[in-house]
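Throughout, a chain's letter reflects where its sequence line sits, starting with A, and its residues are numbered from 1.
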Number of protein chains: 2
Amino acid sequence: MPEAPGVAAALVRLSFLVQSVYAEVCSQHGLTPPQAQLLCVVSECPRRMSELAPMMRLEKSSLSGLVDRVERKGWVRRVASPEDGRAITVELTAGGRRLADAFHARTTERLTEMVACMPPDERRAFASIADQIVSEHAVPVVFQDAP
Amino acid sequence: MPEAPGVAAALVRLSFLVQSVYAEVCSQHGLTPPQAQLLCVVSECPRRMSELAPMMRLEKSSLSGLVDRVERKGWVRRVASPEDGRAITVELTAGGRRLADAFHARTTERLTEMVACMPPDERRAFASIADQIVSEHAVPVVFQDAP
DNA sequence: CTAAGATAGTTCGTAGTACGAACTGTACGG
DNA sequence: CCGTACAGTTCGTACTACGAACTATCTTAG
């Protein structure tokens with residue numbers, strides 16, 4: 001029996017805290033969390049529906065609707081793939097780019113503030129452990145580091 | 001400028017990872033995440049609607065519907081408050097208790113596995129920092145430590 | 001070259017989530 | 001005892017998510 005009581009609860013509570021900050025920044029930008037996630041993913045580079053679905057852990061039918069709504073708001077565009085007549089790539093519009101950047105910056109700012117009370121070395125240690133956990137579990141890159 | 005690039009992204013990605021495990025355990029128990037959260041909260045003790053709403057960061061109308069659906073499945077019960085004729089407390093049924101315990105145990109197990117690769121002292125350090133962040137930000141207790 | 005099967009996306013029906021506004025009923029203070 | 005504050009519910013709307021059924025394109029075997 002590994003005596004790690006509390007690790008699980010700490011992870012759950014921390015993740016609820018982070019999600020609540022994320023959701024708050026979303027709503028301040030007129031986004032819902034799945035919409036923001038989509039913008040962040042295609043912000044890195046345009047993607048096909050068939051790539052996006054597993055990255056966002058959605059079925060293709062769910063993704064279709066999400067892209068519909070985000071496209072209707074004018075933040076992304078569906079572009080036919082030249083290589084494959086069946087495929088479509090989703091890319092940011094200029095407005096989508098601005099919104100994605102603003103959202104990303106503000107979220108980063110809010111979360112950085114949140115851990116500002118920690119001593120810098122502890123903060124770095126914490127970030128590196130978190131990164132390690134994440135990278136050992138094949139999490140799709142859903143929120144990039146600032147370049 | 002505090003040079004903590006990466007902390008924010010690490011937090012976001014970690015929280016998406018934890019949420020995906022949480023959601024997976026939910027669906028294995030026939031629950032949705034908000035339903036599981038409700039069970040975990042009232043698992044500690046029965047609560048009024050007016051207490052639950054802020055704990056779960058929901059408007060009262062949203063909570064009403066959530067409790068409806070969970071009650072329809074037979075996992076919680078609405079009980080009139082003897083002290084206040086307007087108020088209602090939400091409590092687990094026997095089946096709800098079993099489900100909440102099973103869900104909690106399995107989630108704890110899955111998340112503990114997830115960090116099992118870390119050396120024990122690092123794991124403890126990580127948990128204590130996470131706890132510290134959480135407790136500095138007034139997060140409602142949405143997932144208890146094992147008793 | 002073409003028929004069969006695989007792949008990419010969409011549409012549709014259903015259920016759950018979340019909100020605000022409007023509503024009912026109880027409690028309480030003046 | 002009346003007015004107001006409070007506790008919950010209901011209703012209409014929008015978003016999220018799924019699976020099944022569908023269209024259209026690509027690929028491959030014969």
Side-chain angles (χ1 to χ4, degrees), chain A residues 16 19-20 22-24 26-42 46-91 142, chain B residues 16 19-20 22-24 26-39 41-42 46-91 140 142:
Chain A
F16 272 96
Q19 293 292 321
S20 81
Y22 190 93
E24 192 187 332
C26 280
S27 92
Q28 288 165 351
H29 288 81
L31 289 164
T32 63
Q35 292 170 358
Q37 203 186 334
L38 176 63
L39 293 190
C40 287
V41 172
V42 299
R47 299 274 185 189
R48 293 190 177 181
M49 299 297 275
S50 53
E51 287 179 289
L52 288 173
M55 289 183 81
M56 305 197 53
R57 303 177 198 261
L58 291 177
E59 291 305 311
K60 53 188 182 167
S61 62
S62 313
L63 182 60
S64 246
L66 178 59
V67 172
D68 282 349
R69 290 181 293 272
V70 177
E71 190 174 29
R72 209 179 307 138
K73 303 247 192 176
W75 298 323
V76 300
R77 194 173 20 236
R78 272 183 244 239
V79 179
S81 164
E83 298 119 40
D84 188 333
R86 297 165 298 179
I88 263 180
T89 63
V90 179
E91 59 180 48
V142 118
Chain B
F16 273 95
Q19 293 292 318
S20 81
Y22 190 93
E24 192 187 333
C26 280
S27 91
Q28 288 164 352
H29 287 81
L31 288 164
T32 63
Q35 291 170 359
Q37 203 186 334
L38 176 63
L39 292 190
V41 171
V42 298
R47 299 277 185 187
R48 296 190 175 180
M49 300 295 276
S50 52
E51 286 179 291
L52 288 173
M55 289 182 82
M56 306 196 52
R57 303 179 197 259
L58 291 178
E59 290 305 311
K60 53 187 183 168
S61 62
S62 312
L63 182 60
S64 248
L66 178 59
V67 172
D68 282 350
R69 290 181 293 270
V70 176
E71 190 175 29
R72 210 179 305 138
K73 303 246 190 178
W75 297 323
V76 299
R77 197 173 18 236
R78 272 183 242 238
V79 179
S81 164
E83 300 121 39
D84 187 332
R86 297 166 299 179
I88 264 180
T89 63
V90 180
E91 58 180 48
V142 117

Salt bridge (Lys or Arg N to Asp or Glu O under 4.0 Å) between A:Arg57 and B:Glu24, intermediate numbers included: CA-CA 11 Å; A:Arg57 303 177 198 261; B:Glu24 192 187 333; over 6 Å; no
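- Candidate nucleotides D:dT16, C:dT11, C:dC19 were compared by shortest atom distance to the side chain of A:Ser61, and C:dT11 ranks first.
- An end-to-end axis angle of 10° holds for the helix from C:dC1-D:dG30 to C:dG30-D:dC1, taken from five base pairs per end and rounded to 10°.
- For B:Ser50, a side-chain nitrogen or oxygen approaches OP1 or OP2 of D:dG8 to under 4.0 Å.
- The side chain of B:Thr32 places an N or O atom within less than 4.0 Å of a non-bridging phosphate oxygen (OP1 or OP2) of C:dT17.
- Atom-to-atom, CZ of B:Arg48 to C1' of D:dT9 comes out at 17 Å; the value is rounded to the nearest Å.
- Among B:Leu39, B:Val90, B:Val42, B:Thr32, the single residue meeting the side-chain contact (heavy atoms from CB on, under 4.5 Å) criterion with B:Val70 is B:Leu39.
- Atom-to-atom, CD of B:Glu59 to P of D:dG8 comes out at 14 Å; the value is rounded to the nearest Å.
- If you measure from atom CG of B:Leu58 to atom C1' of D:dA7, you get 16 Å, rounded to the nearest angstrom.
- Of the residues in residues 68-83 of chain A, those placing a heavy atom less than 4.0 Å from an atom of DNA chain D are A:Arg69, in numerical order.
- Remark: C1' of D:dA17 and CD of A:Gln37 are 13 Å apart, rounded to the nearest angstrom.
- In this structure, B:Glu91 contributes its side chain and B:Val79 its backbone to no donor-acceptor pair below 3.5 Å.
- Look at B:Ser64 and you won't find any side-chain N or O under 4.0 angstrom from OP1 or OP2 of D:dT10.
- Where A:Lys60 and B:Ser62 meet DNA chain D, the nucleotide closest to each residue was compared, and B:Ser62 sits on the side nearer the 5' end.
- Across all strands shown, A:Leu63 has no heavy atoms under 4.0 Å from either base or sugar-phosphate atoms.
- C:dT7 atom C1' lies 4 Å from atom CZ of A:Arg86, rounded to whole Å.
- A:Glu51 places its CD atom 16 Å from the P atom of C:dT7, with the value rounded to the nearest Å.
- B:Met49 places its CE atom 13 Å from the P atom of C:dA18, with the value rounded to the nearest Å.
- A:Leu66 places its CG atom 10 Å from the C1' atom of D:dA17, with the value rounded to the nearest Å.
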